[in-house]
Structure formats: C-alpha cells, structure tokens
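Below is one structure, written out as structure tokens, with a few remarks after it.
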There are 2 protein chains.
Amino acid sequence: MTARRADPPAPQAIPVIDRTVHEPARMAILSVLDAVEDADFTFLETMLGLSKGNLSTHLTRLEEAGLITVTKSFRGRRPLTTAAITDRGRTARTEHWEQLERLRDLMA
Amino acid sequence: MTARRADPPAPQAIPVIDRTVHEPARMAILSVLDAVEDADFTFLETMLGLSKGNLSTHLTRLEEAGLITVTKSFRGRRPLTTAAITDRGRTARTEHWEQLERLRDLMA
DNA sequence: GGCGTATGGTTTGTATTGCAAACCTATTTG
DNA sequence: CAAATAGGTTTGCAATACAAACCATACGCC
C-alpha cells in the first residue's frame with residue numbers, strides 16, 4: 001500500500017513526547033532512581049558513566065521539572081548530593097513509555 | 001535501599017541510543033514508513049502534523065543515515081517526493097527499541 | 001494572456017541544549 | 001606545606017529541532 005495524499009485528517013499528529021524525560025541520560029537516571037529510593041551523585045556518575053558536569057546539569061533539569069528531588073548534605077566532612085524520584089517523576093516516566101509505545105504503533 | 005558510592009564498576013554505562021532514530025519526529029516517520037511501503041511528502045506532513053521545513057530536514061537526515069530512501073519524481077506536472085524505509089532502517093528501529101527497553105530495565 | 005493563489009518543497013535564522021573542559025572549594029595525603 | 005583527591009558547578013562550544021522565509025512551478029479565472 002502506498003500512502004497517498006490527504007488520506008488521513010491528521011487527527012492527533014505525533015504523540016507528544018516529554019523532552020525532559022526523553023533524553024537518554026535522564027531516562028537512565030530516572031530508571032535508577034525508580035529502583036533504589038535514592039542515590040548519590042558519585043553512584044550515578046560511575047554507574048551511568050556520565051561526566052560530572054553532564055550529570056550535574058541533568059540533575060538540576062530534572063529537579064526543575066519536579067521529577068526528582070536533590071538533597072545536599074555532608075558525608076563526614078565532604079559534600080554529598082543525593083537524588084530521589086518524586087511521584088510526578090514516576091508518573092511522568094510511565095506516561096512517557098505509554099507515549100513511546102503509541103508512537104511505535106502509530107499505524108498498527 | 002540507598003545506592004552508595006562505588007557500588008557498581010560502571011560496566012556498560014548507559015545503553016547507547018541512536019540519536020538519529022531517537023528523535024520523536026523521526027521515530028514517527030519510521031513508524032509510518034515501516035507500515036506502508038512508501039509514503040509521499042504531503043501524506044507525512046498532514047499525517048504527522050509536521051511543518052514542511054521540519055519534515056524536509058528530517059527526511060534528508062534519515063536518508064543520509066541510510067535509514068530511508070527518498071525518491072523525487074512527478075505526479076502529473078507537480079513535483080512528488082516519496083520516502084520508503086530501508087532494511088537498515090528497519091533493523092535500526094528494532095535495535096533502538098531493544099536499547100530503550102534495556103534502558104527502562106536498567107536495574108531490574 | 002495576465003495575475004493572484006496554491007502546491008511542493010528547500011534554505012536560512014534562531015533558540016535550545018547536550019556535553020566536557022575548566023574552574024572552584026574543601027579535604028586528605030606525602 | 002605542597003600536591004593530589006573529592007565533589008560538584010559554571011562556561012564554552014558544537015549540534016540541531018523548528019518554523020519563517022524563500023523559491024519555482026502550476027492552476028484558476030477574468
């Protein structure tokens with residue numbers, strides 16, 4: 001079948017994808033945080049193989065979106081940054097996957 | 001469980017995501033083309049709700065990546081641009097989904 | 001025929017942003 | 001005390017998604 005002109009009336013266009021969640025590094029961060037209750041900066045850095053700078057900006061972006069919380073404290077005398085997923089983060093993640101599958105099955 | 005320092009040795013880091021496929025508009029284009037054998041420019045434009053300019057650049061990018069072929073001809077006296085997915089495009093798409101699921105199940 | 005509009009795109013300009021290098025502060029080690 | 005290490009943040013840059021502007025041809029119609 002060849003798709004020709006004006007066949008469909010463009011009802012809903014592309015399923016809307018949340019760009020904040022869609023970025024692979026951030027998907028990975030959310031995956032981890034959805035599994036571990038909370039994780040500190042160094043853990044995410046080594047686990048995901050992200051540079052510090054990169055991780056830092058991703059975390060603040062996720063925090064600004066309300067998808068995670070970032071807590072700063074001290075481990076001994078050293079700074080310690082810990083991240084945890086929020087409820088909004090969890091729902092955003094599941095909704096993102098729903099949209100992805102909708103995208104995959106566009107014409108199915 | 002709180003994820004602490006140096007727990008894992010960062011074996012594989014983030015599953016590598018093909019950015020060319022990962023872009024939502026292009027995922028949508030590939031979804032359609034995977035279903036219809038071929039589709040012409042106007043069809044994709046209205047079906048996906050993309051602007052002409054946007055669609056045009058996405059198509060050339062997919063073509064340069066070898067994921068689709070773009071054929072220019074005429075319908076009557078009017079220009080006609082038609083796109084079709086390639087084998088590489090199909091496998092890229094399935095591999096992309098495998099990587100996505102791997103990303104989702106990072107700690108599962 | 002002439003002229004405005006529609007069709008089918010491509011090219012250009014711009015704002016966003018992913019990424020690491022550079023930087024910063026404090027701490028530990030030699 | 002000097003140098004290295006830890007734990008991050010800020011800066012600079014290159015890539016890029018997107019639409020506006022543009023371009024060429026075709027059609028409607030007077």
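Only this structure's heavy atoms are used, side chains among them; waters, hydrogens and symmetry mates stay out.
- For the pair B:Leu55 CG and C:dT10 P, the computed distance is 9 Å after rounding to whole Å.
- Distance alone, capped at 3.5 Å, is enough to place a donor-acceptor pair between the B:Ser31 side chain and the A:Leu103 backbone.
- The separation between A:Phe74 atom CZ and D:dG7 atom C1' is 10 Å, rounded to whole Å.
- To the nearest angstrom, P of C:dG18 lies 10 Å from CG of A:Leu62.
- Within the 4.5 Å cutoff, no side-chain heavy atoms of B:Arg78 are placed close to those of B:Phe74.
- Side-chain atoms of B:Thr86 come within 3.5 Å of backbone N or O of B:Leu67 as a donor-acceptor pair.
- If you take CZ of B:Arg75 and P of C:dT7, they are 12 Å apart, rounded to a whole angstrom.
- Legend: residues meeting ring pair (Phe, Tyr, Trp, His ring centres under 6.0 Å) with B:His58, ordered by chain and number and at least two apart, are absent.
- Atom pair B:Leu59:CG and C:dT11:C1' shows a separation of 15 Å (rounding to whole Å applied).
- As a whole-Å value, the separation of A:Leu44 CG from D:dT9 P is 12 Å.
- A:Leu48 places a side-chain heavy atom less than 4.5 Å from the side chain of B:Leu106.
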Any chance you could list the contact pattern along nucleotides 11-22 of chain D? Use B for base contacts, S for sugar-phosphate-only contacts and - for none, protein heavy atoms under 4.0 Å, 5' to 3'. -----SSBBB--
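- Pairs passing the side-chain hydrogen bond (donor to acceptor under 3.5 Å, both in side chains) check and including a residue from residues 99-108 of chain A, sequence neighbours excluded, read A:Gln99-A:Arg102.
- At least one side-chain nitrogen or oxygen of A:Thr81 sits closer than 4.0 Å to the OP1 or OP2 atom of D:dG8.
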Enumerate, atom names and distances included, each donor-acceptor pair closer than 3.5 Å involving a side-chain atom of residues 15-22 of chain A, sequence neighbours excluded.
{"from": "A:Asp18", "atom 1": "OD1", "to": "A:Thr20", "atom 2": "N", "distance (Å)": "2.9"}
{"from": "A:Arg19", "atom 1": "NH2", "to": "B:Glu23", "atom 2": "OE1", "distance (Å)": "2.6"}
{"from": "A:Arg19", "atom 1": "NH2", "to": "B:Glu23", "atom 2": "OE2", "distance (Å)": "2.7"}
{"from": "A:Thr20", "atom 1": "OG1", "to": "A:Arg61", "atom 2": "NH2", "distance (Å)": "3.4"}
{"from": "A:His22", "atom 1": "ND1", "to": "A:His96", "atom 2": "NE2", "distance (Å)": "3.0"}
{"from": "A:His22", "atom 1": "NE2", "to": "B:His22", "atom 2": "O", "distance (Å)": "2.7"}
{"from": "A:His22", "atom 1": "NE2", "to": "B:His22", "atom 2": "NE2", "distance (Å)": "3.0"}

Could you write nucleotides 24-30 of chain C as a row of B, S and -, 5' to 3', where a protein heavy atom under 4.0 Å of any base atom gives B, of only sugar-phosphate atoms gives S, and otherwise -? ---BS--
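- By the salt bridge (Lys or Arg N to Asp or Glu O under 4.0 Å) test, A:Arg93 pairs with A:Asp34, sequence neighbours left out.
- Regarding contacts with the backbone of C:dT10, a side-chain N or O of B:Ser56 is found under 4.0 angstrom from either OP1 or OP2.
- Whole-Å rounding puts the B:Asp40 CG to C:dT7 P distance at 14 Å.
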